[in-house]
Amino acid sequence: QVQLVESGGGLVQAGGSLRLSCAASTRTFRNYAMGWFRQAPGKEREFVAAITWSGSSTKYTDSVKGRFTISRDNANNMVYLQMNSLKPEDTAVYYCAANSIFSGDWYAGGMDYWGKGTLVTVSS
């Protein structure tokens with residue numbers, strides 16, 4: 001069982017930055033690739049970013065490339081999402097997810113574990 005707890009959300013002006021954190025309570029953290037999804041009001045949950053268990057590879061959805069950076073700290077069971085140059089369309093609840101497989105498409109139905117989410121609001 002893996003428990004994930006997100007933090008770091010809040011209200012920020014367009015162009016600003018936020019760093020989201022995800023704390024994982026598991027002895028097997030290194031067994032999982034980790035990712036971030038987001039869900040805006042009235043929309044489906046969508047993939048944002050993912051990172052391998054070692055941190056050697058990452059992938060991003062096109063809309064955040066060059067603005068967001070995913071990273072992880074295996075010593076402390078943490079995953080981060082640094083978000084820069086935020087836009088109003090980035091407003092959503094952001095969820096941390098654990099996946100036993102990094103390769104292939106990341107979609108909401110394919111994750112092994114989820115956090116409860118943290119709200120990010122970007123004002124124009």
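As the structure is a prediction and not an experimental result, all values here were calculated from the model. Heads up: numbering here begins at 1 and tracks the sequence.
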Can you name the nearest heavy-atom pair linking [X] to [Y], along with the distance?
X	Y	value
Ser85	Ser17	N-OG, 4.4 Å
Asn99	Gly110	OD1-O, 3.8 Å
Lys43	Gln39	O-NE2, 3.1 Å
Ala40	Ala92	N-CB, 3.8 Å

For the backbone of [Y] and the side chain of [X], can you confirm whether one donor and one acceptor N or O come within less than 3.5 Å of each other?
X	Y	value
Thr28	Asn31	no
Arg45	Ala108	no
Thr91	Thr121	no
Asn77	Ala24	yes

Is the closest basic N to carboxylate O distance between Lys116 and Glu6 below 4.0 Å?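 No, no charged N to carboxylate O under 4.0 Å.
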Taking the basic N atoms (NZ, or NE/NH1/NH2) and the acidic carboxylate oxygens, is any pair closer than 4.0 Å for Asp90 and Lys87?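 Salt bridge: no.
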Pairwise side-chain contact, [X] with [Y], heavy-atom cut-off 4.5 Å (strictly under):
X	Y	answer
Lys59	Trp106	yes
Cys22	Met78	no
Val2	Asp112	no
Leu86	Asn84	no
Thr118	Val93	no
Thr69	Tyr60	yes
Val48	Leu81	yes
Trp53	Met34	no

Can you hop from [X] to [Y] via hydrophobic side chains spaced under 4.5 Å?
X	Y	result
Trp36	Phe102	no
Tyr95	Met83	no
Val12	Phe68	yes

Distance from [X] atom [atom1] to [Y] atom [atom2], nearest 0.5 Å?
X	Y	atom1	atom2	answer
Ser57	Ile51	OG	CD1	9.0 Å
Gln1	Gln3	CD	CD	6.5 Å
Met111	Leu4	CE	CG	11.5 Å

Taking the six-membered ring for Trp, are Phe37 and Phe47 closer than 6.0 Å centroid to centroid?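 Yes; Phe47 has its ring centre under 6.0 Å from that of Phe37.
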For atom CD1 of Ile101, decide whether the heavy atoms of other residues, nucleotides or ligands shown that lie under 6.0 angstrom number more than 12. no
Do we get Arg19 above Tyr80's six-membered ring, with its NZ or CZ under 6.0 Å from the centre and within 45° of the axis? yes
Hey, does the Lys NZ or Arg CZ of Arg72 hover above the aromatic six-ring of Phe29, less than 6.0 Å from the centre and inside 45° of the axis?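 Checked: cation-pi criterion met.
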